[in-house]
Each structure stands twice: as structure tokens, then as C-alpha cells.
Visitor: 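Quick one: the structure is below, questions incoming.
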Amino acid sequence: MPPHSTSNRLAVDQPTRDADRNQAFADQADPATDELLLPQLDDGITLLDVEGSRGVPILQSLVLDHLLLHDGPAFWVDANGHATTTTLAQIAPSQRLLNRIHVARGFTAYQHYSAVCDLPTAVNKTIQASTASPGAKSRHPPNRSKDTSPHTPALVVVPAVDSQYRTDNTLGETDAETLQARTLARLSSYADGYDIPVLVTRNERNEFTEPVATAADYHLECEQTRMGPRIVGEDFETLVYPVGDGAYYQTTFAYWRQLFAARATQVGVEPTTTASTAKGVGTGVTATGETVVATADPLLDAWTATGGGGR
């Protein structure tokens, strides 16, 4: 990895609040090209393992960062409440960005597998709706990837891919392993067929989830440190620790929120701040101590159907 530019360093001469450090770092960084904090997601299955927690904010940050740099919607097959709006509404720079995330939820193993199988149908419906819109355009905003389309999928997200198959009491061990294997095969076919990344996580690392690691083309590991989340992959490492001469990097979520807002401006997504005025589903506290209201409006349940059993 090339040495970091001194313009991305924040010199510390005296004790400073985290909020001030984050603001100064955000002002100095180049959000369109800065790869210090979040890795790029390549086509294929990427397994994200987060040490010591479910890693919901980490997962959501990777999704938002990818959508800022690529056109097209994301299709999210959720389990165990990873598609929560509490953190999404806090760190997303624009509700328009969140409107590109389509969510299906499976509360049993068969519902989850069915949602994965139904993804091509959901994709086709979304393409038909977006291309039929009078305002549909093929022009790419500045700095957005030229290899993506605003109509075709940009990303598939399947957190806790093992969860429902592990806990469903109606399945025997062999049936659970078979259904999980079929889910992974489907996800692999989507990655190849759509030429997009598929981002997955798993609840536990054990023999049952070894097939998840085997199916993955890339593996990212995240550990929580006092400086913030540190992500390591084959070609990526978050270097956010003291670098000498009294300079260092800070990686709290308050900074990431500012980074996404600056990056959104550069790629032509106008930042909005509607969460505080919309009907809330809860509140959250930022690293600066600010209480914010989260809304449910940004997420679209694209697969929801009457009698669908929770999908």
C-alpha cells in the first residue's frame, strides 16, 4: 500500500475532542478517492466477519459506501434485524440513497431461502419500474462508476446468512446444511449473473458455517479497537493508528457520517437531513453526544407480498 499523503494527517498539538478531530479529518480527506477506511467490494461473494458483535454499523457503512460510488439498487435479504434504520438514518447522507435499498425479511429458514430465490423476480420488477419512469436517465453522475447502471442491481446483501438455518427447529441437521448450501449456490449465481458484489456475514464461526467461508471469493475481518473499527482483507487494511510526529487517524462513526456526506456531494447525490422531522422509529446517540431521531421511511420492503409469510 502506498504511503499516505500528509494532507490526510491530523496533527495534534493539544488534547482535542473527538468531534473536533473528526471534523478536521473530514475537511482534509478526499472522499472520492480515500480508501483508508472502507474497502471496495469486488464482484463475487465477500464474507465480512466482525469480532465481538453483529457488526451492523460496519455492514451498513460498507453498503452505503458502495452505493455512493455505484449506480443501481441494493437488494437486502435480512435476518435478525440487520436492516435497522437506526444507524442507517444516522450515517446516510441522503434519503434518496436509502430509497435504493430494497429489503426482504425471512423469519424462518424456508422464508429466508424463498426470499433469496425470489430475488431475480424482485430485480425484474425494479428494472421495469425504473425504466418505465418518465425521468429515467442513463447518464452517470460525476465520479460514479461507468460500469454500473441505475436500473440493474449494484449489490446484494445477506447478513447472518446462517442464522435461520441454524435455529429453525423444523429442520434436521442434514436438511439445514442442505438448505444453507442451496442459498449459497444461489448467491454465487447472482454474483456471476449480475456481475456484482454479494456481501454476507455469519453469526458464528464453526463447522456449520465453514461452507460460507468456502463459498466466499473474498474475506474481510473487522476488529473493534479504541480508535474505531479496523478492517483487514487480502488487499486492504485500515491503517488508522498513530503514524508518528504526533499525527494519527480517527475512525469513529461520526467521522464516517461526515465522509459519506462529502462523498455524496462529489458524486452528485444531494445530502438531505430529513430524519429529524419525519416520524421516528427510535433515537440514537452519536459519538458527539447528539441525540438523533431515526425514521423507517428510507427502506423499501421490495419483496413484501400479501400472504407471503413475512417476506
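Positions are given from 1, in the same order as the sequence printed here.
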Visitor: For residues Asp162 and Thr209, is any side-chain donor paired with an opposing acceptor at under 3.5 Å?
Guide: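 No pair is found: no donor N or O on one side chain lies under 3.5 Å from an acceptor on the other.
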
Visitor: What's the shortest heavy-atom distance between Pro39 and Leu220, and which atoms?
Guide: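 Closest heavy-atom pair between Pro39 and Leu220: CG-CD1, 3.6 Å.
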
Visitor: Sub-3.5 Å donor-acceptor pair from the side chain of Ser188 to the main-chain atoms of Leu184, do we have one?
Guide: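 A pair under 3.5 Å: no.
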
Visitor: Looking at CD of Glu207 and CD of Glu177, how far apart are the two atoms once the value is rounded to the nearest 0.5 Å?
Guide: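 Those atoms lie 7.5 Å apart.
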
Visitor: Hey, what do you get for OH (Tyr218) to CG (Leu48), rounding to the nearest 0.5 Å?
Guide: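 Output value for this atom pair is 15.5 Å.
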
Visitor: Calculate, to the nearest 0.5 Å, the distance between atoms CG and CG belonging to Leu62 and Leu67 respectively.
Guide: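 Here the interatomic distance stands at 11.0 Å.
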
Visitor: Is Arg205 atom CZ crowded by more than 12 heavy atoms from other residues, nucleotides or ligands, each under 6.0 Å away?
Guide: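 Count over threshold, so yes.
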
Visitor: Tell me whether Ile231 shares a hydrophobic cluster with Val56, the cluster being built from Ile, Leu, Val, Met, Phe, Trp, Tyr side chains joined at under 4.5 Å.
Guide: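 Ile231 and Val56: separate clusters.
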
Visitor: Report yes if some heavy atom in the side chain of Thr46 is under 4.5 Å from a heavy atom in the side chain of Leu199; otherwise report no.
Guide: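 With C-beta onward as the side chain, the pair touches.
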
Visitor: Are Leu98 and Leu64 packed together at the side-chain level, in the sense that at least one heavy-atom pair is separated by less than 4.5 angstrom?
Guide: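 Leu98 reaches Leu64 side chain to side chain.
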
Visitor: Which atoms form the tightest heavy-atom contact between Ala191 and Gly44, and what is the distance?
Guide: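 Nearest pair, atom of Ala191 first, then Gly44: CB-CA, 3.8 Å.
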
Visitor: With a 4.5 Å limit on heavy-atom distance, are the side chains of Leu68 and Pro93 in contact?
Guide: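 They are in side-chain contact.
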
Visitor: If I compare all heavy atoms of Pro73 with all of Pro150, which pair ends up nearest, and what's the gap?
Guide: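 Closest approach of Pro73 to Pro150: CD-O, 4.0 Å.
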
Visitor: Tell me whether His70 contacts the main-chain N or O of His66 through its side chain, where contact means a donor paired with an acceptor under 3.5 Å.
Guide: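 Yes; at least one donor-acceptor contact below 3.5 Å.
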
Visitor: Grab the two heavy atoms, one from Gly72 and one from Ala154, that are nearest each other, plus how far apart they are.
Guide: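 That would be O-CB, 3.7 Å.
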
Visitor: Is the shortest heavy-atom distance from the side chain of Val161 to the side chain of Leu187 under 4.5 Å?
Guide: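 They are in contact (side-chain heavy atoms under 4.5 Å apart), so the answer is yes.
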
Visitor: Any sub-3.5 Å donor-acceptor pair from Thr201's side-chain atoms to Ala160's backbone N or O?
Guide: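 Such a contact is found between Thr201 side chain and Ala160 backbone.
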
Visitor: Would you indicate whether Asn206, at its atom CG, is surrounded by more than 12 heavy atoms from other residues, nucleotides or ligands within a distance under 6.0 Å?
Guide: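 Yes - once you tally the heavy atoms of other residues, nucleotides and ligands closer than 6.0 Å, there are more than 12.
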
Visitor: Judged by atom type as modelled, is there a donor-acceptor pair below 3.5 Å linking the side chain of Glu221 to the main-chain atoms of Glu51?
Guide: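 Side chain of Glu221 to backbone of Glu51, a donor-acceptor pair under 3.5 Å: no, none is there.
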
Visitor: Do Ile45 and Asp217 pass the side-chain contact (heavy atoms from CB on, under 4.5 Å) test, and can you show the C-alpha distance, the side-chain angles, and the key distance before you say yes or no?
Guide: CA-CA 5 Å; Ile45 296 179; Asp217 301 291; 4.0 Å; yes

Visitor: Between Asp78 and Ala83, which heavy-atom pair has the shortest distance, and what is it?
Guide: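 Scanning both residues completely, I find the closest heavy atoms to be OD1-N, 3.0 Å.
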
Visitor: What are the two closest heavy atoms between Ser61 and Ile91, and how far apart are they?
Guide: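 Minimum heavy-atom separation between Ser61 and Ile91: OG-CD1, 3.4 Å.
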
Visitor: Using side-chain heavy atoms (C-beta onward) and a distance below 4.5 Å, is Glu223 in contact with Val232?
Guide: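 Glu223 vs Val232: side chains apart.
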
Visitor: Counting C-beta onward and ignoring hydrogens, is there a side-chain heavy-atom pair between Leu59 and Trp76 closer than 4.5 Å?
Guide: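 Result yes, sub-4.5 Å side-chain heavy-atom pair found.
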
Visitor: How many angstroms lie between CD in Gln180 and CZ in Arg202, if you round to the nearest 0.5 Å?
Guide: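 So the CD of Gln180 and the CZ of Arg202 are separated by 10.0 Å.
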
Visitor: Any donor-acceptor pair under 3.5 Å linking the side-chain atoms of His151 with those of Ser130?
Guide: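 Judged by distance alone, the side chains do pair up.
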
Visitor: How long is the gap from OG on Ser114 to CG on Leu119, to the nearest 0.5 Å?
Guide: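 Here the rounded value is 11.5 Å.
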
Visitor: Taking side chain as C-beta onward, heavy atoms only, is Tyr113 less than 4.5 Å from Arg186?
Guide: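 They are in contact (side-chain heavy atoms under 4.5 Å apart), so the answer is yes.
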
Visitor: Considering only residues two or more places apart or on different chains, which pairs with a residue in residues 156-214 satisfy ring pair (Phe, Tyr, Trp, His ring centres under 6.0 Å)?
Guide: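 The answer is His112-Tyr165.
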
Visitor: To the nearest 0.5 angstrom, please state how far the CD atom of Gln164 sits from the OG1 atom of Thr183.
Guide: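 Between Gln164 CD and Thr183 OG1, I get 10.5 Å after rounding to 0.5 Å.
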
Visitor: Side chains of Asn80 and Arg54: does their closest heavy-atom pair fall under 4.5 Å?
Guide: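 Result yes, sub-4.5 Å side-chain heavy-atom pair found.
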
Visitor: Walk me through it: do Asn203 and Thr167 pass the test side-chain contact (heavy atoms from CB on, under 4.5 Å)?
Guide: CA-CA 11 Å; Asn203 274 357; Thr167 60; over 6 Å; no

